[in-house]
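Note on naming: letters A, B, ... go to the chains in the order of the sequence lines (proteins, then strands), and numbering restarts at 1 for each one. What's counted below: heavy atoms across the whole structure, side chains too, no hydrogens, waters or symmetry copies. Bear in mind that the values here come from a model prediction, so they are computed numbers and not experimental data.
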Protein chains: 2
Amino acid sequence: MKDMQQDDGNSAGAGGFEVKRGQARLKDIARSLNVSISTVSRALGGSHDINAETRKAVVEMAGRMAYAPNQVAQSLRTNKTNTLGIIVPDLTTYFFSANLSGFQEVAAEKGYNVMICQSNESYEEELRNISTLMASRVDGLIISLSKQTSNYDHLQALYKKGIPLVLFDRVCDDIETTRIMVDEHDGALKATEHLIEMGCKRIAHLSGPENLSISRRRLQGYSDALQRYDIPLREELIRHTQHLNRQRPGSAGAELAGAVFSARCHLCH
Amino acid sequence: MKDMQQDDGNSAGAGGFEVKRGQARLKDIARSLNVSISTVSRALGGSHDINAETRKAVVEMAGRMAYAPNQVAQSLRTNKTNTLGIIVPDLTTYFFSANLSGFQEVAAEKGYNVMICQSNESYEEELRNISTLMASRVDGLIISLSKQTSNYDHLQALYKKGIPLVLFDRVCDDIETTRIMVDEHDGALKATEHLIEMGCKRIAHLSGPENLSISRRRLQGYSDALQRYDIPLREELIRHTQHLNRQRPGSAGAELAGAVFSARCHLCH
DNA sequence: TTGTATGCGTTATCAA
DNA sequence: TTGATAACGCATACAA
């Protein structure tokens with residue numbers, strides 16, 4: 001009464017292998033070959049203690065049925081989703097989408113999927129995003145904080161739970177975790193030195209808003225380069241603009257993501 | 001021998017409720033209250049046949065333990081992940097990231113997560129992306145095809161499997177599925193009419209590359225508007241540029257996604 | 001070499 | 001009103 005007609009609606013009629021609805025499972029392959037599920041699992045898993053012919057038959061059948069392991073089931077077993085959660089304030093901002101592009105690219109290389117959320121610069125939404133991603137049991141989080149965020153308890157909580165966390169660009173120094181930031185000072189320094197070495201004499205600096213530390217770090221780099229070459233700093237060559245130019249090549253995100261993965265090697269495999 | 005010391009490492013020592021590593025589970029709540037797992041499940045699930053006090057205690061404990069249902073386990077049971085897969089050629093292109101932003105926003109509203117892939121304009125990568133997302137058992141796919149893609153068997157296969165599929169912008173007419181496209185003709189027509197109604201007399205048209213049907217549709221809209229107002233078309237006012245201006249407000253994606261969800265209402269709940 | 005049993009976290013069914 | 005059990009798909013420890 002237990003092994004009779006336990007048809008789950010996923011097998012075809014007499015002798016057919018076709019899986020009518022949905023994806024093929026180990027069970028479907030097992031049935032069509034009259035072997036056990038574990039045999040199929042081992043054959044596909046590359047186990048050594050398995051008959052060569054059995055393996056061949058299983059592999060072939062798996063191909064015919066377009067079998068692909070159910071990541072969801074694997075995740076439940078292993079407690080690992082191979083998915084990273086990324087939270088950015090806004091995806092229409094080039095800086096964030098370019099970085100996302102890089103994160104996604106590197107993640108894919110390492111066999112990770114990427115789940116994306118937007119906080120819309122709202123602290124509340126940032127909290128909700130984290131909850132959602134944690135409910136999906138992502139293996140790690142990459143976050144650029146919302147402008148509203150000034151309380152960091154939610155990040156501290158992640159840290160306590162042992163969730164791998166990486167902050168980028170909009171970071172928070174109070175949290176003990178990997179932070180990824182553009183080296184504004186070094187960038188400005190190198191750019192200025194480059195111009196000097198090209199023979200430029202009067203080099204202007206278009207600065208961002210004065211109140212941002214980013215602007216100050218860039219200005220300092222510019223200033224340091226001039227000093228290094230004994231060129232006097234001339235105030236009239238510095239212009240403070242309202243907007244911060246944060247455009248940068250699409251590869252920037254890839255580099256950042258590279259840093260992520262080298263910093264957090266337990267995410268890599 | 002069966003119910004002795006089955007400590008899975010997730011419970012704390014004598015009397016403590018703390019879940020040491022990872023997230024709290026129903027089992028953790030059940031243990032700390034000396035009730036069964038199913039009671040806890042029902043209490044949190046809002047079932048009616050449950051003692052009011054029991055529910056109160058369970059809910060409170062769940063809060064204290066920061067319990068959040070394991071989406072992975074739920075997905076395995078229900079065969080539904082509440083996740084959409086999105087494949088775009090490239091995330092650094094504003095058009096795609098702006099649309100992604102809209103898709104994600106609407107998806108989040110409806111309780112869906114979004115998993116993102118980039119094909120890098122490669123047919124092979126597009127295939128891999130689909131496999132990856134299908135392995136993760138996404139509930140549906142939103143795809144903008146790669147430039148390389150000229151064979152549509154992979155889309156046909158999705159259709160056969162009954163996977164909800166939406167194509168946007170880079171669509172393919174051979175597939176029987178929801179397609180989302182910008183109405184280039186109507187946009188150009190309305191824009192031109194607007195200028196005419198503002199009193200403009202000599203209206204120029206900056207067209208994209210002549211070989212693209214998009215360019216032709218826009219030009220036709222421009223042309224039709226002039227004709228509607230009996231304004232002669234003057235060739236010297238038409239300039240063919242090399243680049244296609246596809247910048248558009250971030251809300252475009254939201255509108256598109258709205259179309260997705262209204263077209264595919266079985267995704268909505 | 002293969003099969004059986006178990007568990008991952010959750011919920012629905014059935015029994016008490 | 002509550003508890004025990006089975007099932008989702010997979011992989012592994014154990015038995016044969």
Side-chain angles (χ1 to χ4, degrees), chain A residues 1-3 6-11 19 21-31 33-58 62 65 67-82 134-137 139, chain B residues 1-3 6-11 19 21-31 33-58 62 65 67-82 134-137 139:
Chain A
M1 204 194 278
K2 158 178 301 183
D3 50 346
Q6 285 287 354
D7 195 331
D8 46 25
N10 218 355
S11 59
V19 175
R21 72 146 199 262
Q23 317 273 118
R25 303 155 301 174
L26 291 181
K27 187 193 282 188
D28 298 308
I29 301 176
R31 255 188 210 148
L33 294 175
N34 274 317
V35 293
S36 76
I37 293 178
S38 42
T39 297
V40 176
S41 175
R42 276 186 290 247
L44 295 175
S47 175
H48 286 295
D49 30 335
I50 188 128
N51 183 293
E53 289 181 23
T54 310
R55 156 172 295 138
K56 187 159 167 283
V58 168
M65 288 181 153
Y67 170 79
N70 185 332
Q71 176 71 238
V72 176
Q74 288 180 323
S75 293
L76 183 60
R77 251 189 65 74
T78 61
N79 199 29
K80 190 164 184 321
T81 54
N82 284 297
M134 287 312 297
S136 292
R137 298 296 188 269
D139 292 333
Chain B
M1 205 195 280
K2 160 177 297 182
D3 50 346
Q6 285 286 356
D7 195 330
D8 45 26
N10 219 356
S11 60
V19 175
R21 69 147 202 263
Q23 317 274 119
R25 305 156 300 175
L26 292 181
K27 187 192 282 188
D28 298 308
I29 301 175
R31 257 190 208 145
L33 294 176
N34 273 318
V35 294
S36 74
I37 293 178
S38 34
T39 298
V40 176
S41 176
R42 274 186 292 245
L44 295 175
S47 176
H48 285 296
D49 28 339
I50 186 125
N51 184 293
E53 289 181 24
T54 310
R55 155 172 296 137
K56 187 158 168 282
V58 168
M65 290 183 153
Y67 170 79
N70 185 332
Q71 175 71 236
V72 176
Q74 288 180 324
S75 294
L76 183 61
R77 254 190 64 77
T78 61
N79 200 28
K80 191 161 183 322
T81 54
N82 284 298
M134 287 312 298
S136 292
R137 298 298 189 269
D139 292 333

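With a 4.5 Å cut-off on side-chain heavy atoms, N70(A) and Q23(A) do not count as touching. L44(B) is listed as a side-chain neighbour of L26(B), based on a closest heavy-atom distance under 4.5 Å. Put simply, the side chain of L33(B) reaches to within 4.5 Å of the side chain of V58(B), judged on heavy atoms.
Expressed to the nearest 0.5 Å, how far CE of M65(A) lies from CZ of R25(A) amounts to 9.5 Å. Rounded to the nearest 0.5 Å, atoms CD1 (I29(B)) and CD1 (I37(B)) are 10.5 Å apart.
For L76(B) and dT11(C), the CG to P distance is 12 Å, given to the nearest whole Å. Summarising the geometry, the separation between CG on L26(B) and C1' on dT11(C) is reported as 9 Å, rounded to the nearest angstrom. With rounding to whole Å, N79(A) atom CG is found 16 Å from dT12(D) atom C1'. Per the geometry, CD belonging to Q23(B) stands 16 Å off P belonging to dC8(C), to the nearest Å. Rounding to whole angstrom units, CD1 of residue I29(B) and C1' of dT10(C) are separated by 12 Å. Across the protein-nucleic acid pair, K27(B) atom NZ and dA4(D) atom C1' stand 14 Å apart, rounded to whole Å. Rounded to whole Å, atom P of dC8(D) lies 11 Å from atom CG of D28(A). The interatomic distance linking R137(B) (CZ) with dG9(D) (P) rounds to 9 Å, in whole Å.
In terms of phosphate contacts, R77(A) brings no side-chain nitrogen or oxygen within less than 4.0 Å of OP1 or OP2 of dA11(D). In this structure, Q74(A) does not reach the dG9(D) phosphate: none of its side-chain N or O atoms is under 4.0 Å from OP1 or OP2. Taking only side-chain nitrogens and oxygens, T54(A) comes nearer than 4.0 Å to OP1 or OP2 of dT2(C).
Remark: side-chain polar atoms of T78(A) are paired, donor with acceptor, to backbone N or O of Q74(A) under 3.5 angstrom. Judged by distance alone, the side chain of T81(A) and the main-chain N or O of S75(A) form no donor-acceptor pair under 3.5 Å.
Looking at residues 34-53 of chain A, you'll see S38(A), S41(A), R42(A) sit with a heavy atom under 4.0 Å from some atom of DNA chain D.
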